[in-house]
Amino acid sequence: MRHIMSPLDFTVEELDQMMDLAADIEKNPEKYAHVCDGKKIATLFYEPSTRTRLSFEAAMLNLGGSVIGFADADSSSAKKGESVSDTIQVIGCFADIAAMRHPKEGAPLVASMHSNIPVINAGDGGHQHPTQTLTDLTTIRSLKGRLDNLTIGLCGDLKFGRTVHSLISALVRYSNVKFVLISPEELRVPSYIREDVLEANNIEYEEVIRLEDALPKLDILYMTRVQKERFFNEDDYLRMKDFYILDNEKMKLAKEDMFILHPLPRVNEISVEVDKDPRAAYFRQVQYGVYIRMALIMTLLELHV
Ligand code: CP
């Protein structure tokens with residue numbers, strides 16, 4: 001039995017197979033409409049979510065399965081002090097697979113160690129968000145036709161943004177991927193990403209503060225919001241929250257074939273006027289998230305058509 005805690009739990013070849021499966025699901029959805037008949041996914045969300053939880057639920061429903069779960073820790077027995085290891089052993093009596101989001105880093109890993117069903121990390125604190133990364137990789141591959149030979153700009157809260165940490169870790173496995181890390185000094189990527197992931201793999205990267213300086217070089221711009229919920233001090237958040245605002249004027253500096261991704265939710269960092277730009281791909285990205293989660297559920301449950 002396999003779980004997914006990090007995108008690195010799957011080899012590049014396995015990820016390619018999963019993305020091929022997602023592409024086939026996109027083209028032939030009816031072929032997959034009963035793959036999960038009789039199966040259930042439990043969505044165990046101890047932290048707020050719109051996309052991840054509902055896209056897992058949509059993915060399972062699209063496969064013919066059904067959904068149980070909770071969207072709020074306070075409506076679960078966590079409120080009474082139940083541990084994630086006890087909870088997952090209970091959920092294993094009800095469901096075939098579980099997706100867990102938790103504010104504590106490592107909580108889904110602890111659950112997986114006590115589970116008799118596959119556990120999917122749906123985001124743990126500021127650590128990892130592997131299914132967002134699968135979504136991002138699928139989106140980039142679909143839009144650009146490749147995952148190698150790309151210059152990727154990551155902009156915003158690179159310190160607390162778990163999607164950024166997961167995406168960098170996944171992309172360094174492809175050849176000739178360069179990174180431009182765009183953030184204020186206070187929100188730079190953590191040193192373990194710089195040293196243990198980028199430098200350890202001899203990956204070319206630069207850190208810049210001005211988005212305008214980076215834009216002309218990029219094939220992909222990955223915008224992120226400032227993660228209010230991870231700040232200890234409200235004043236720091238207020239100082240940082242509007243540091244970057246991508247608008248139509250700035251988009252004039254970008255290549256014609258650059259795409260903008262964002263894991264969403266958006267706050268102020270992309271002006272809504274940019275949504276009409278054909279390079280704005282963040283809502284298409286959400287749709288790819290459903291296809292790749294369908295492919296992941298099938299892979300973890302070892303189901304085939
Ligand atoms: N991208 C993402 O994780 O969104 P949600 O927090 O809405 O799930």
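In what follows, residues are counted from 1 in the order of the sequence shown. Note that ligands are numbered from 1 as they come in the structure, with each ligand's atoms numbered from 1 the same way. The structure presented is a predicted model; accordingly, all values stated were derived computationally and were not measured. Just so you know, these numbers use all the heavy atoms, side chains as well, and skip hydrogens, waters and symmetry mates.
Contacts with ligand 1 closer than 4.0 Å are made by backbone heavy atoms (N, CA, C, O) of L264 only, the side chain lying farther away.
Using a non-hydrogen distance threshold of 4.0 Å, R101 registers as a contact of ligand 1.
The distance from ligand 1 to the heavy atoms of T52 drops below 4.0 Å at these ligand atoms: 2 (C), 3 (O), 4 (O), 5 (P), 8 (O). Numbered from 1 in the order shown, with element, the atoms of ligand 1 that lie under 4.0 Å from a heavy atom of Q132 read 1 (N), 2 (C). Which parts of ligand 1 touch T50 is read off a 4.0 Å heavy-atom cut-off, strictly below it: atoms 5 (P), 7 (O), 8 (O).
In this structure, atom 1 (N) of ligand 1 lies nearest to the protein heavy atom P263 O, 2.8 Å. Nearest protein heavy-atom contact of atom 4 (O) of ligand 1 is R51 NE, 3.0 Å.
A donor and an acceptor atom, one from each side chain of Q132 and S166, are nowhere located under 3.5 Å apart. No donor-acceptor contact under 3.5 angstrom links the side chains of T43 and R53, judged on distance only. For the residue pair Q128/N121, the side-chain donor-acceptor check at 3.5 Å is not satisfied. Donor-acceptor pairing under 3.5 Å is lacking for the side chains of R284 and T139.
In this structure, R2 is positioned above the aromatic face of F10, its NZ or CZ under 6.0 Å from the six-membered ring centre and within 45° of the axis.
Looking at ligand 1, you'll find an N or O of S49 within less than 3.5 Å of one of its N or O atoms.
Pairing each heavy atom of M294 with each of N62, the nearest pair is CE-CB, 3.4 Å.
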